[in-house]
*Asks:* 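If you scroll down you'll find the structure; I have some questions about it.
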Amino acid sequence: MKLTDNEVLTFVDQEMESSIGYSGGETSKERALAWDYYLSKPMGNEVEGRSSVVTSDVSDVVDGMMPSLLRLFTTSDNLVNFEPTGPEDVKLAEQESDYVNYTFFKKNPNAFILLYTWFFDALIQKNGVVKAWRDEKEVITEESYSNLSEEEVFKLLEDDELDPVERDEKIEVIQTPEGDVSITLHDIKFKRTTTKGTIRVENVPPEEYRISPDSRSIDPTDARMIGQEREITRSELISMGFSKDIVDNLPTSANSNDTEEKIARRDIEEYQTGVPQKSQELIRVREAYIKLDMTGNGKSELRQVITAGNQVLLNEPADRQPYHVISPQPLPHKHFGRASAEKVMDIQQVNTTLLRQILDNYYHTNNPGHGVWEQGIGDNTLDDLLTTDIGRIVRFDRPVGESYAPMTVPFVAGQAFTALEYFDKVKRDRTGVQADGDGLNPEQLKNIQQSVLTQANDLSRMKIEAVARIFAETGIKSLFLHIHELILKHQDRQEVINLRGEWIPVDPASWKNRYDMTVNIGLGIGSKESKMMQLNQIWEKQTQGLTMGITKPNNLFNTATEMANAAGFKDGNTFFTNPGDGDMPQNDEQMKMQQQQMEMVQRQQQLDAQGLQLKDQKQQMDMQFKMAQLQQKQQESAANLDEKSQKRQDDLMIEIQKLKSDMTEMELKYNTDLPQMAEFNYDPMTGQMDRLS
């Protein structure tokens with residue numbers, strides 16, 4: 001049995017109200033809280049008279065990641081490239097890549113802002129969502145014509161786009177050789193209605209996005225229902241092709257703005273809408289891509305259903321759903337991932353508490369309380385004490401020393417700075433966002449090895465580049481495949497556009513279905529300078545390789561264009577001309593130069609051989625000289641030893657003779673004989689004396 005409109009309406013309402021992200025659900029509350037943290041709104045635990053400052057850790061992380069992500073996705077000529085299926089498909093795949101990128105960046109207004117908003121939503125609100133579709137719009141213009149003949153009028157009326165709205169006729173008399181002739185001339189005003197189809201990509205606010213709970217992947221393709229619940233004006237509904245009579249009878253969406261996420265996202269002034277004209281009244285519209293068994297055969301099909309109020313405005317088959325989703329950290333088997341903001345919300349809460357306590361300690365230290373003796377209080381004492389003017393006068397009834405004492409508060413805030421530094425490090429470790437050289441002064445940086453500092457920076461950059469790669473392989477890739485699919489399906493006319501500096505006709509009718517795509521992420525974060533240095537080194541090696549035949553002109557051309565791209569220019573081909581795959585052309589002068597270079601190389605080799613020989617001879621001479629020096633030192637040491645021994649023997653003999661002389665004097669003085677001294681022999685080699693028998 002075929003489903004009725006009421007049954008379809010019931011299914012859509014049930015799926016919408018049980019979907020993930022519906023107003024009042026857990027996901028909706030978490031997104032609203034993350035938005036409050038990003039804006040550093042009060043946390044609700046403020047105490048009157050105490051510090052109520054709120055740190056900005058969440059916004060610091062998000063705002064720190066955004067420039068790097070935008071740079072990664074906007075520095076390449078083409079954000080995506082389709083892979084050719086064979087050698088004969090290379091040119092066509094290149095043209096399709098260029099045209100799809102052209103459609104996104106040139107035909108979509110503010111494509112840069114679209115990417116910014118998409119990434120921003122993902123970093124704060126778990127998932128970022130965009131919608132792509134073929135927008136068929138009627139463009140109405142007025143055209144006026146004067147003094148038209150009957151034949152010219154009939155020719156204009158053959159144009160189906162023209163509809164006459166005003167028409168005046170006048171009769172003029174024209175003199176001819178045959179006489180006066182009366183003719184009828186027409187002044188007509190036409191309304192031209194042109195249907196213009198464009199491929200549109202639009203951000204979806206997170207609070208409007210709906211997906212059924214059965215979704216198990218960040219890719220919403222397999223979900224039972226995916227859709228959007230939003231408010232649009234009656235005028236927009238009519239321009240979408242719905243009957244004015246039906247639209248005029250739809251109820252307005254009164255009091256539907258008061259969802260937690262919208263309150264968090266919008267200021268209160270945005271709710272003051274006034275009293276709009278009927279055509280600008282807002283209608284609550286639900287657009288669902290839902291799998292339904294419309295015929296009762298047990299097989300579900302994807303349907304696009306649009307409802308408003310209690311009516312089904314549209315119910316038709318859909319070939320696919322139009323939404324594309326990214327998340328900085330997809331979670332396995334879940335549609336909603338983890339936002340970067342969620343990684344630091346707890347740190348913002350801790351840092352806020354610490355900073356408030358630091359400021360409170362400062363306030364109490366600089367403005368301490370007062371201890372006052374009641375009997376010393378006069379009529380003006382309390383008023384004087386409560387005055388905070390510099391150089392104030394306080395009047396007491398008794399001496400100040402007896403009546404007053406300041407209640408000094410010790411300053412302990414300095415101890416909290418260590419905790420703040422710790423949590424800042426935790427924030428950097430979790431997200432990879434850090435200031436260059438954070439926490440290091442120039443003197444400390446001198447003592448850090450360049451490789452260690454580079455490794456630390458690379459680890460931080462890798463966290464952000466991982467987020468970029470996740471974006472590229474999920475929503476970015478699916479979006480551009482969808483754009484290619486829409487062009488292939490709807491565009492049947494050739495278009496001439498400027499691609500790579502040339503005007504090229506593009507005919508999507510000759511395209512084929514594409515499923516393989518490479519997303520080009522631009523230069524790594526902070527690696528622009530390092531890549532330029534690497535390219536310069538490659539260039540030097542290539543120029544040296546020309547003489548050895550390992551480098552061709554095309555290799556130099558590729559390096560030169562890469563250097564121009566690394567310098568920030570979109571198309572390096574504007575600076576250099578591709579010489580092709582041939583070898584470097586040589587003239588007589590170049591051949592002569594190469595011959596001279598070869599002779600120089602041979603001469604250098606001969607000189608190197610002679611240098612080695614001279615080096616060996618020098619080493620031998622140095623060895624002989626050292627041996628001679630050693631022998632001379634030994635001889636000098638022996639001579640010095642003989643000289644010292646002789647001197648020691650002479651000194652000893654002098655002492656013995658002196659002793660003998662002293663003994664003789666004593667014998668004469670005391671008229672007695674003393675024992676004779678023994679005779680000794682002195683050995684100069686050992687320095688010992690041996691007694692003679």
*Asks:* Residues in ring-ring contact (aromatic ring centres under 6.0 Å, His included) with Y37, at least two apart?
*Replies:* none

*Asks:* With sequence neighbours left out, write down each residue that passes ring-ring contact (aromatic ring centres under 6.0 Å, His included) with F336, or none if nothing qualifies.
*Replies:*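 By the ring-ring contact (aromatic ring centres under 6.0 Å, His included) rule, F336 matches no residue at all.
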
*Asks:* Apply salt bridge (charged side-chain N to carboxylate O under 4.0 Å, His left out) to K425 and list each qualifying residue two or more places apart in sequence or on a separate chain.
*Replies:*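 Listed in chain order: D429.
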
*Asks:* Taking the cut-offs as 6.0 angstrom to the six-membered ring centre and 45 degrees off its axis, would you call K541 and W539 a cation-pi pair?
*Replies:* no

*Asks:* If you count the non-hydrogen atoms of other residues, nucleotides and ligands that lie under 6.0 Å from NZ in K106, is the total more than 12?
*Replies:* no

*Asks:* Would you sort out whether R428 and V433 count as a side chain to side chain contact (heavy atoms under 4.5 Å, CB included), showing the intermediate values?
*Replies:* CA-CA 5 Å; R428 292 194 297 269; V433 177; over 6 Å; no

*Asks:* For Y362, what residues pass the ring-ring contact (aromatic ring centres under 6.0 Å, His included) criterion, not counting sequence neighbours?
*Replies:*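 For Y362 the ring-ring contact (aromatic ring centres under 6.0 Å, His included) partners, ignoring immediate neighbours, are F411.
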
*Asks:* Taking side chain as C-beta onward, heavy atoms only, is E30 less than 4.5 Å from E342?
*Replies:*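 A side-chain contact under 4.5 Å exists here.
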
*Asks:* Applying side chain to side chain donor-acceptor pair (under 3.5 Å), name anything that partners N203, two or more places apart in sequence or on another chain.
*Replies:* none

*Asks:* Please identify each residue that fulfils ring-ring contact (aromatic ring centres under 6.0 Å, His included) with F119, with sequence neighbours left out.
*Replies:*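 F119 satisfies ring-ring contact (aromatic ring centres under 6.0 Å, His included) with F73, F471 only.
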
*Asks:* Is there a side chain to side chain contact (heavy atoms under 4.5 Å, CB included) between T352 and Q349 once you walk through the steps?
*Replies:* CA-CA 5 Å; T352 295; Q349 187 175 15; 5.8 Å; no

*Asks:* Decide whether Y99 and Q491 meet the rule of one side-chain donor and one side-chain acceptor closer than 3.5 Å.
*Replies:*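 Result is yes, a qualifying pair exists.
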
*Asks:* For this output row, return yes or no: ring centroids of H482 and W133 closer than 6.0 angstrom.
*Replies:*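 Between W133 and H482, which both carry aromatic rings, the centre distance is not below 6.0 Å.
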
